[in-house]
Amino acid sequence: MSFRNPGRARPHAGASSRWALAGALALAGLLAGCGGGGGGGGGGLPFLPGTGTGTGTPGTGDDDAIVASSSVAGQCAAPRPGINPATGLGYPDRAGSLAIEKRWVRAWIDETYLWYNEVPTTLKAADYATPVAYFNVLKTPLTTASGRAKDRFHYVYDTEVYRQLSEAGVSAGYGIEFAFVRNSRPRDLRVAFTEPNSPAANAGIARGAKILEVDGISVVNSTNTTAINNALSPAALGESHSFRLEEAGGATRTVTLAAAQITRTPVQNVKTVDTASGRVGYLLFNDHITTSEAQLIAAMNKFKADGVQDLVLDMRYNGGGQLNIASRLAYMIASPAATAGKTFERLAFNNKNPFGFQAPLPFLGTSRNSLPLPQLGLSQVTVLTSPDTCSASESVINGLRGVDVRVNLVGGTTCGKPYGFYPQDNCGTTYFAIQFQGVNNKGAGDYGDGFAPNCTVADDFTHALGDTSEARFSAALALRSTGSCPVPVAAAARAAPELEKADAAQDTGPMLLLRSSLRENRLIETD
């Protein structure tokens with residue numbers, strides 16, 4: 001397949017500090033009690049543009065007249081000098097202005113945005129100081145059937161930051177995935193999991209630890225969100241902060257963590273469990289990034305050698321990523337008969353069809369190195385889900401259901417993102433505007449309000465992920481053996497009244513904190 005590959009660029013000067021500031025601002029909203037899990041509201045940690053506010057003059061007449069994007073592409077207020085290390089070629093940038101960059105943004109939306117004809121026509125480029133500010137409002141104002149914003153996923157990234165995150169999963173931090181169980185005072189901020197060999201893991205911090213204080217400031221009750229932001233979202237490598245934790249059994253301790261470059265391990269806790277009705281595989285899958293492919297293949301080879309008869313795929317914290325990874329994962333779960341000649345996902349564009357004909361994405365049966373993939377040959381699979389199960393992760397569910405693999409869901413309603421992007425660089429910023437909707441082999445893809453679980457089960461922070469006693473994993477095993485949920489859905493919700501919903505349309509569940517928008521995605525990438 002010959003899908004577009006995003007542009008590659010080096011970061012703007014000062015990008016790392018602006019990246020940290022973006023995190024702080026995103027967190028400030030969360031600490032103030034704002035909702036928005038599952039990628040909402042522009043989502044995650046967008047790149048913040050430079051501070052210049054001059055618009056310049058594009059030299060092409062009316063600034064709000066829509067022109068061909070190709071005629072204004074790469075005309076930058078601050079062209080990038082030198083060689084792009086990703087391509088070995090010079091950057092395509094040339095001298096321009098912020099006004100021309102804004103003009104490109106408007107043209108790109110008009111040409112490629114799935115709902116371009118729903119964008120308000122009253123928006124004026126001159127009213128917005130930067131191209132990013134202008135881009136942020138150029139989207140549909142309509143809502144889903146439940147009343148949620150139809151487009152909750154419009155965002156941008158510094159291009160070099162995007163490249164590093166998408167290809168290698170590298171970012172600065174402590175190696176903690178934080179989750180708010182309660183995001184208004186008295187707050188309850190927990191450790192969802194830690195990355196292996198990270199500062200947090202090396203300090204012995206485990207899932208479920210409650211963050212009581214940072215640098216002596218109460219996370220539970222303080223109004224000093226700036227200081228809390230600074231500690232949870234470090235601005236520089238080596239920056240250190242102290243954390244007072246309440247751990248299992250109620251014991252407390254204080255640890256000091258220094259920020260380091262964190263390389264995510266997207267596949268964790270791979271294990272085979274013996275049950276009375278057969279062997280069941282389990283794996284925690286957190287990110288559809290390039291490095292996940294080899295880890296998924298290794299896990300499936302292990303399960304195949306172990307003779308598993310069923311699989312519990314834990315994607316409760318998986319916001320998505322590369323669609324090719326999702327296709328390969330679904331192929332490895334299903335049988336040859338189910339996937340042969342079938343469509344994993346077909347892309348539906350706007351009526352301008354801006355990208356031309358795109359062949360449906362099949363169930364990819366080979367790796368990016370063209371090696372054949374293993375197949376478990378399962379007719380059903382159980383997926384552990386939450387409002388943070390998003391985009392490419394939902395594609396796995398939808399794609400398997402499209403070829404009649406039974407997919408049981410245990411946990412919470414997924415985020416509801418059947419949409420995706422062709423990431424596009426212009427002047428060092430990569431823009432993500434929804435450009436297609438994905439549908440499966442049966443043409444199904446309208447799940448803007450998410451997939452509801454068969455069994456609603458609150459996240460269990462008292463057990464490790466992969467522990468058969470952990471509530472969602474335990475419920476999945478019970479559902480497999482008995483065909484029914486271990487407790488009624490209503491009782492499951494009552495069992496955890498302290499949990500706040502990140503979105504009124506979502507089922508009970510925590511809200512992940514400081515997860516980038518890139519990790520809540522369905523991206524078309526060239527292998």
Side-chain angles (χ1 to χ4, degrees), residues 1-8 39 43-44 86 153 155 157 159-171 263-267 283-300 313 315 317-333 343-347 355 358-371 373 383 388-400 414-415 417-425 430-438 440 445 515-527:
M1 303 179 71
S2 57
F3 292 114
R4 293 186 58 166
N5 203 33
R8 307 300 189 201
F153 311 109
Y155 70 102
Y157 255 92
T159 298
E160 179 62 16
V161 172
Y162 162 62
R163 183 187 69 81
Q164 292 187 30
L165 284 171
S166 64
E167 292 185 356
V170 177
S171 59
T263 300
R264 297 199 302 273
T265 304
V267 179
L283 67 86
L284 174 67
F285 180 36
N286 291 328
D287 289 288
H288 289 72
I289 57 178
T290 301
T291 53
S292 70
E293 181 182 296
Q295 296 173 25
L296 288 169
I297 293 170
M300 296 302 167
L313 177 62
M315 295 199 294
Y317 302 134
N318 192 322
Q322 298 175 23
L323 196 56
N324 285 353
I325 298 291
S327 172
R328 290 184 172 104
L329 173 58
Y331 174 88
M332 289 189 284
I333 291 170
T343 292
F344 172 71
E345 186 160 296
R346 178 174 58 81
L347 310 184
F355 301 103
Q358 298 287 359
L361 177 63
F363 287 82
L364 297 173
T366 59
S367 70
R368 64 183 58 242
N369 295 323
S370 301
L371 298 175
L373 298 175
V383 180
D388 293 295
T389 305
C390 205
S391 205
S393 293
E394 292 173 299
S395 286
V396 175
I397 297 166
N398 199 48
L400 287 171
T414 65
C415 87
K417 190 176 184 182
Y419 314 115
F421 313 80
Y422 285 82
Q424 180 60 48
D425 167 71
T430 294
Y431 293 84
F432 296 78
I434 290 174
Q435 288 145 334
F436 62 84
Q437 178 175 350
N440 65 18
R515 183 167 73 177
S516 66
S517 297
L518 181 61
R519 295 173 63 193
E520 295 177 339
N521 245 332
R522 182 192 253 99
L523 297 176
I524 295 298
E525 294 278 4
T526 301
D527 281 343

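- When ring centroids are compared, Y422 and Y431 stay outside the 6.0 Å threshold.
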Side chain to side chain contact (heavy atoms under 4.5 Å, CB included) for L296 and I325? Distances and angles first, verdict last. CA-CA 9 Å; L296 288 169; I325 298 291; 3.9 Å; yes

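- Nearest heavy-atom pair across D287 and S292 is O-CB, 3.4 Å.
- For the pair L347 and Q437, the minimum side-chain heavy-atom distance is 4.5 Å or more.
- Residues that satisfy the side-chain contact (heavy atoms from CB on, under 4.5 Å) test with T265, not counting sequence neighbours, are E195, P196, Q268, Q295.
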Hey, mind stepping through V383 and V396 against side chain to side chain contact (heavy atoms under 4.5 Å, CB included) and telling me if it holds? CA-CA 10 Å; V383 180; V396 175; 5.8 Å; no

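- A distance-only check finds a donor-acceptor pair linking the side chain of E293 to the backbone of R368 [under 3.5 Å].
- Of the charged side-chain nitrogens involved, none lies within less than 4.0 Å of a carboxylate oxygen, so that E394 and K417 do not count as a salt-bridged pair.
- Side chains of T291 and V267 form no contact here, defined as non-hydrogen atoms less than 4.5 Å apart.
- Rounding to the nearest 0.5 Å places OG1 of T389 at 9.5 Å from OH of Y317.
- With sequence neighbours left out, Y331 forms a side chain to side chain donor-acceptor pair (under 3.5 Å) with Q375.
- Here the side chains of M300 and I333 are in contact, with some heavy-atom distance below 4.5 Å.
- The shortest non-hydrogen separation linking P418 to G445 is CB-O, 3.2 Å.
- Inter-residue side-chain proximity for L364 and N324 is flagged as met; some heavy-atom pair is nearer than 4.5 Å.
- When atom types are taken as modelled, the side chain of N318 and the backbone of G320 share a donor-acceptor pair closer than 3.5 angstrom.
- With no hydrogens or angles considered, a side-chain donor-acceptor pair links N398 and N440 at under 3.5 Å.
- Counting only heavy atoms from C-beta outward, the side chains of L323 and S395 approach each other to under 4.5 Å.
- By the 4.5 Å heavy-atom criterion applied to side chains, T290 and Q322 are counted as neighbours.
- A donor-acceptor pair under 3.5 Å is formed between the side chain of R328 and the backbone N or O of T366.
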Apply the test side chain to side chain contact (heavy atoms under 4.5 Å, CB included) to residues Q424 and T430: give CA-CA distance (whole Å), side-chain angles for both, the deciding distance (0.1 Å), then the verdict. CA-CA 5 Å; Q424 180 60 48; T430 294; 5.7 Å; no

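- Taking the six-membered ring for Trp and thresholds of 30 and 60 degrees, F432 and Y155 have nearly parallel ring planes, at less than 30 degrees apart.
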L373 and I297: CA distance, side-chain angles, deciding distance, side chain to side chain contact (heavy atoms under 4.5 Å, CB included) verdict: CA-CA 7 Å; L373 298 175; I297 293 170; 3.5 Å; yes

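- Remark: of the listed residues S391, P266, S393, S393 is the sole one forming a side-chain contact (heavy atoms from CB on, under 4.5 Å) with H288.
- F421 approaches F436 most closely through the heavy-atom pair N-CE2, 3.3 Å.
- A donor-acceptor pair is defined here as one N or O able to donate and one able to accept, closer than 3.5 Å; no such pair exists between the side chain of T414 and the backbone of C390.
- One side chain, T159 or D425, offers a donor N or O that lies under 3.5 Å from an acceptor on the other.
- Annotation: side-chain contact (heavy atoms from CB on, under 4.5 Å) contacts of A330 (sequence neighbours excluded): F344, F363, L400.
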